[in-house]
Amino acid sequence: MLPAANPLEKPIYVPPKTSVTYSVFIMHRRKDLWCPDAEEFDPDRFLDERLHKYLIPKPFIFLPFNGGPRICLGQQFAYNEMSFMLIRLLQTFSCITLTPEAQHPDTRQPTEWAQAEGRKSRERFRPKSHLTLYADGGLWVRMNEAENA
């Protein structure tokens with residue numbers, strides 16, 4: 001059974017062995033769950049009043065590690081590993097800039113994207129997905145070493 005959108009309605013019956021899929025990519029861009037600017041990259045949404053308005057009341061809308069009894073066992077390890085890597089990166093380099101000209105031309109975003117509506121017209125890399133989301137051809141950057149590194 002899946003809960004109905006309205007708590008006053010009956011739950012939705014799902015027969016045994018029925019495949020149920022969902023897209024984390026799409027769920028994290030739902031304006032009804034995250035806020036009107038859900039399609040924008042804005043890490044501050046986890047620090048300001050939007051945290052208490054959207055995420056705290058519905059913690060299962062943040063799905064990178066799933067949740068409940070099926071939560072990823074490596075969640076805390078991944079958070080620690082990423083924090084350490086980011087701190088070391090920011091201690092070593094003073095400037096990191098995207099360098100799309102270093103990418104293979106076949107992996108750059110198509111020129112027609114510039115005329116597209118919404119987020120697509122502003123993208124500076126070409127997202128692809130498999131099990132996780134990644135940048136087609138990698139994400140090529142230029143880094144300047146910090147003086148006191």
Side-chain angles (χ1 to χ4, degrees), residues 2-3 5 12 14-149:
L2 293 174
I12 301 164
V14 180
K17 298 188 180 184
T18 301
S19 294
V20 178
T21 60
Y22 64 93
S23 169
V24 173
F25 180 79
I26 293 171
M27 289 206 41
H28 283 179
R29 282 150 184 81
R30 283 183 48 181
K31 295 176 182 178
D32 61 321
L33 294 177
W34 284 98
C35 63
D37 66 344
E39 293 182 5
E40 298 301 319
F41 175 73
D42 184 6
D44 286 345
R45 77 178 77 243
F46 297 102
L47 301 173
D48 61 21
E49 69 280 350
R50 292 173 292 180
L51 172 73
H52 298 284
K53 184 174 181 182
Y54 295 99
L55 186 59
I56 300 292
K58 300 180 224 164
F60 287 103
I61 65 173
F62 183 67
L63 296 171
F65 298 98
N66 265 325
R70 289 177 180 79
I71 196 161
C72 176
L73 296 175
Q75 177 184 20
Q76 292 307 312
F77 178 72
Y79 281 147
N80 289 334
E81 190 175 43
M82 184 55 67
S83 298
F84 177 77
M85 190 277 307
L86 280 173
I87 289 167
R88 291 297 299 139
L89 189 71
L90 295 171
Q91 287 173 338
T92 307
F93 299 100
S94 61
C95 180
I96 302 171
T97 54
L98 190 60
T99 313
E101 64 273 7
Q103 268 185 262
H104 190 278
D106 292 344
T107 63
R108 295 181 195 155
Q109 68 272 32
T111 54
E112 60 268 14
W113 281 19
Q115 283 75 27
E117 289 187 24
R119 178 92 213 145
K120 195 180 233 184
S121 65
R122 295 189 307 274
E123 285 295 355
R124 297 188 53 209
F125 80 104
R126 188 176 187 166
K128 299 277 283 190
S129 67
H130 184 57
L131 181 61
T132 59
L133 191 67
Y134 66 97
D136 190 15
L139 195 60
W140 292 77
V141 296
R142 180 170 288 117
M143 299 189 276
N144 299 341
E145 192 170 354
E147 290 181 22
N148 59 353

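Any value given below was found using the heavy atoms of this structure, including those in side chains, with hydrogens, waters and symmetry copies removed. Just so we're clear, the structure is a prediction, and the values are computed from it rather than from any experiment.
The side chain to side chain donor-acceptor pair (under 3.5 Å) test applied to Arg88 returns Gln91, not counting sequence neighbours. Scanning for side chain to side chain donor-acceptor pair (under 3.5 Å) contacts around Gln103 gives Thr107, with sequence neighbours left out. By the side chain to side chain donor-acceptor pair (under 3.5 Å) test, Asn66 pairs with Tyr22, sequence neighbours left out. With sequence neighbours excluded, the residues forming a side chain to side chain donor-acceptor pair (under 3.5 Å) with Asp42 are Arg50, listed by chain and number. Legend: residues meeting side chain to side chain contact (heavy atoms under 4.5 Å, CB included) with Phe77, ordered by chain and number and at least two apart, are Glu81. Residues satisfying the ring pair (Phe, Tyr, Trp, His ring centres under 6.0 Å) test with Phe25, not counting sequence neighbours, are none. Residues that satisfy the side chain to side chain contact (heavy atoms under 4.5 Å, CB included) test with Pro3, not counting sequence neighbours, are absent from this structure. Residues passing the side chain to side chain contact (heavy atoms under 4.5 Å, CB included) test with Leu2 are Ile12, Val14, sequence neighbours excluded. Residues passing the side chain to side chain contact (heavy atoms under 4.5 Å, CB included) test with Ser129, sequence neighbours excluded: Leu133.
Between Met143 and Thr92, the closest side-chain pair of non-hydrogen atoms is not below 4.5 Å. In this structure, Tyr134 and Leu139 have side chains that are not in contact, with every pair of non-hydrogen atoms separated by 4.5 Å or more.
Once rounded to the nearest 0.5 Å, the distance linking CG of Leu55 with CZ of Phe46 reads 6.5 Å. For the atom pair Leu33 CG and Lys31 NZ, the distance stands at 12.5 Å (nearest 0.5 Å).
Counting heavy-atom neighbours within 6.0 Å of Leu73 CG, excluding the residue itself, gives a total of 12 or less.
Listed by first and then second residue, the side-chain hydrogen bond (donor to acceptor under 3.5 Å, both in side chains) pairs involving residues 51-65 amount to none (not counting sequence neighbours).
Judged by distance alone, the side chain of Arg124 and the main-chain N or O of Gln109 form no donor-acceptor pair under 3.5 Å.
The aromatic rings of Phe62 and His28 lie parallel to each other, their planes meeting at an angle below 30°, with 60° marking the opposite boundary.
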Output side-chain donor-acceptor pairs under 3.5 Å for residues 110-121, partner residues at least two apart or in another chain, one line each.
| unit_1 | atom_1 | unit_2 | atom_2 | d |
| --- | --- | --- | --- | --- |
| Arg119 | NE | Glu123 | OE2 | 3.2 |
| Arg119 | NH1 | Glu40 | OE1 | 3.1 |
| Ser121 | OG | Gly118 | O | 2.9 |

For residues 93-100, dump all side-chain donor-acceptor pairs below 3.5 Å to protein atoms at least two apart in sequence or in another chain.
| unit_1 | atom_1 | unit_2 | atom_2 | d |
| --- | --- | --- | --- | --- |
| Ser94 | OG | Asn144 | O | 3.4 |
| Thr99 | OG1 | Thr97 | O | 3.4 |
| Thr99 | OG1 | Arg142 | N | 3.2 |

Run the numbers on Phe125 and Asp136 for side-chain contact (heavy atoms from CB on, under 4.5 Å), then give the verdict. CA-CA 8 Å; Phe125 80 104; Asp136 190 15; over 6 Å; no
For side-chain contact (heavy atoms from CB on, under 4.5 Å), just list the numbers for Arg45 and Asp37, CA-CA rounded to whole Å, side-chain angles, deciding distance to a tenth of an Å, and then say yes or no. CA-CA 10 Å; Arg45 77 178 77 243; Asp37 66 344; 3.5 Å; yes
